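Read through the structure below, which is laid out as structure tokens, and then see the notes.
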Amino acid sequence: MEQTLETKSTGQIVEILLEKTPKTHSTEAIIRGIEKVLSYSPYKTKVNQSELDTALRNLIGKYFLLEMCKSYQLVNRGIFDLKRSIEVNRDTYSQEKYPVKIPVFARAIIGEQDKWAMKTEVSYKAYGGRFEIFEVAVESPAPFLPDDVRDEGRQALAYAHQTYAKALQQQTLGDVLLSRPDLHPNPSQAKLEVLWKPRPQDLKVSVTPIVTQVRPDPDPILLLVWNNTPHLVHTWNESGEEPFLDMLRKFMGQKTLDEALGAC
């Protein structure tokens with residue numbers, strides 16, 4: 001999948017992820033459904049208030065989704081989850097590269113963020129059974145938005161507010177929007193986000209060593225578990241492994257491990 005994404009342009013990827021307008025009832029049918037839900041009395045039926053709220057939230061969500069899809073095509077949310085790999089060196093002297101997963105599309109909120117940035121940790125096994133960890137920071141500046149694109153963004157935000165204003169003018173739906181703001185999306189929370197696929201030269205990558213530590217496989221512990229209760233049977237050490245007795249003592253209920261073993 002990653003190789004396929006690497007060979008496709010942004011437009012081609014978006015085209016794959018565009019979704020058809022959900023098949024749902026008309027806005028008039030949705031409003032009739034809202035009226036039907038409102039006609040239920042939680043004190044006279046077996047339907048509780050939380051179920052009614054869920055039904056209202058779903059119907060109102062479908063109303064706004066249908067209205068927005070009249071002018072703007074729906075994109076699958078999976079676009080935010082697409083990943084690809086880049087390779088980084090742990091320092092300027094190392095020739096060995098390590099893969100780091102980053103999103104296919106960098107993402108920034110217009111008016112709030114001028115770049116995309118992420119941090120992750122990479123560990124590798126070094127000489128002597130030691131593990132070294134380094135932090136990888138990756139960032140990319142947000143692309144410049146041409147004037148016509150900014151205008152399109154303003155129009156989209158305006159459309160969201162106009163859709164909400166139109167809903168307020170409908171008596172049944174408008175009453176619900178005013179009395180239950182927790183059941184519907186607020187247009188003031190709408191954000192314009194720019195997504196872009198950074199080129200290698202657009203990525204600023206910095207690597208910072210975090211810690212060098214001994215992290216071999218855990219020392220073995222043999223337990224007998226009966227009636228959901230663990231009992232210590234035996235412990236043993238393997239060459240070069242990390243001491244674990246202090247950690248084990250915390251779970252023993254005796255002062256020392258020898259006392260625990262002697263009590264068995």
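This one's a predicted model, so the numbers in the text were calculated from it and none came from an experiment.
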Partner set under side chain to side chain donor-acceptor pair (under 3.5 Å) for Tyr159, not counting sequence neighbours =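 Here the qualifying residues are Ser71.
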For residues [X] and [Y]: do they belong to one hydrophobic cluster (side chain heavy atoms under 4.5 Å, members Ile, Leu, Val, Met, Phe, Trp, Tyr)?
X      : Y      : answer
Val205 : Trp116 : yes
Leu66  : Tyr72  : no
Met68  : Leu177 : no
Val122 : Leu203 : yes

How many angstroms lie between [atom1] in [X] and [atom2] in [Y], if you round to the nearest 0.5 Å?
X      : Y      : atom1 : atom2 : result
Leu183 : Thr54  : CG    : OG1   : 9.0 Å
Leu82  : Ile102 : CG    : CD1   : 12.0 Å
Lys62  : Cys69  : NZ    : SG    : 13.0 Å
Gln113 : Arg107 : CD    : CZ    : 9.0 Å
Lys36  : Thr172 : NZ    : OG1   : 15.0 Å
Asn76  : Ile79  : CG    : CD1   : 8.5 Å

Under 6.0 Å between ring centres, would you say that holds for Tyr63 and His184?
->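 Judged by ring-centre distance (under 6.0 Å), Tyr63 and His184 do not meet the cut-off.
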Would Leu65 and Leu74 count as a side-chain contact (heavy atoms from CB on, under 4.5 Å) if you check the C-alpha gap in whole Å, the side-chain angles of each, and the deciding distance to 0.1 Å?
-> CA-CA 9 Å; Leu65 178 61; Leu74 189 64; 4.0 Å; yes
Answer with yes or no whether the side chains of Thr163 and Glu67 bring together a donor and an acceptor at under 3.5 Å.
->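 Result is no, nothing qualifies.
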Between [X] and [Y], what is the shortest heavy-atom contact and its length?
X      : Y      : value
Met118 : Lys101 : CE-O, 3.7 Å
Lys197 : Phe105 : N-CD2, 4.0 Å
Ile30  : Leu59  : CG2-O, 3.3 Å
Pro198 : Arg84  : O-NH2, 2.8 Å
Val207 : Pro209 : O-CD, 4.1 Å

Side-chain donor-acceptor distances from residues 144-158 under 3.5 Å, at least two apart:
| from | atom 1 | to | atom 2 | distance (Å) |
| --- | --- | --- | --- | --- |
| Asp151 | OD1 | Arg154 | NH2 | 3.4 |

Taking C-beta and beyond as the side chain, do Val194 and Pro143 meet within less than 4.5 Å on heavy atoms?
->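 Yes, side chains in contact.
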Please step through side-chain contact (heavy atoms from CB on, under 4.5 Å) for the pair Ile31 and Gln170, ending with a clear verdict.
-> CA-CA 9 Å; Ile31 291 174; Gln170 205 287 328; 3.5 Å; yes
Using the side-chain contact (heavy atoms from CB on, under 4.5 Å) rule, take Phe80 and Leu195 through it: C-alpha gap first, then chi angles, then the decisive distance, then the call.
-> CA-CA 9 Å; Phe80 300 127; Leu195 273 65; 3.9 Å; yes
Can you tell me if CD on Gln201 sees more than 12 non-hydrogen neighbours from other groups inside 6.0 Å?
->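 Atom CD in Gln201 is crowded, with more than 12 foreign heavy atoms closer than 6.0 Å.
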Donor-acceptor contacts under 3.5 Å from residues 134-141 side chains, at least two apart:
| from | atom 1 | to | atom 2 | distance (Å) |
| --- | --- | --- | --- | --- |
| Glu139 | OE1 | Lys115 | NZ | 3.3 |
| Ser140 | OG | Trp196 | NE1 | 3.1 |

Begin from the C-alpha positions of Thr27 and Leu173 and carry the test side-chain contact (heavy atoms from CB on, under 4.5 Å) through to its verdict.
-> CA-CA 11 Å; Thr27 53; Leu173 183 55; over 6 Å; no
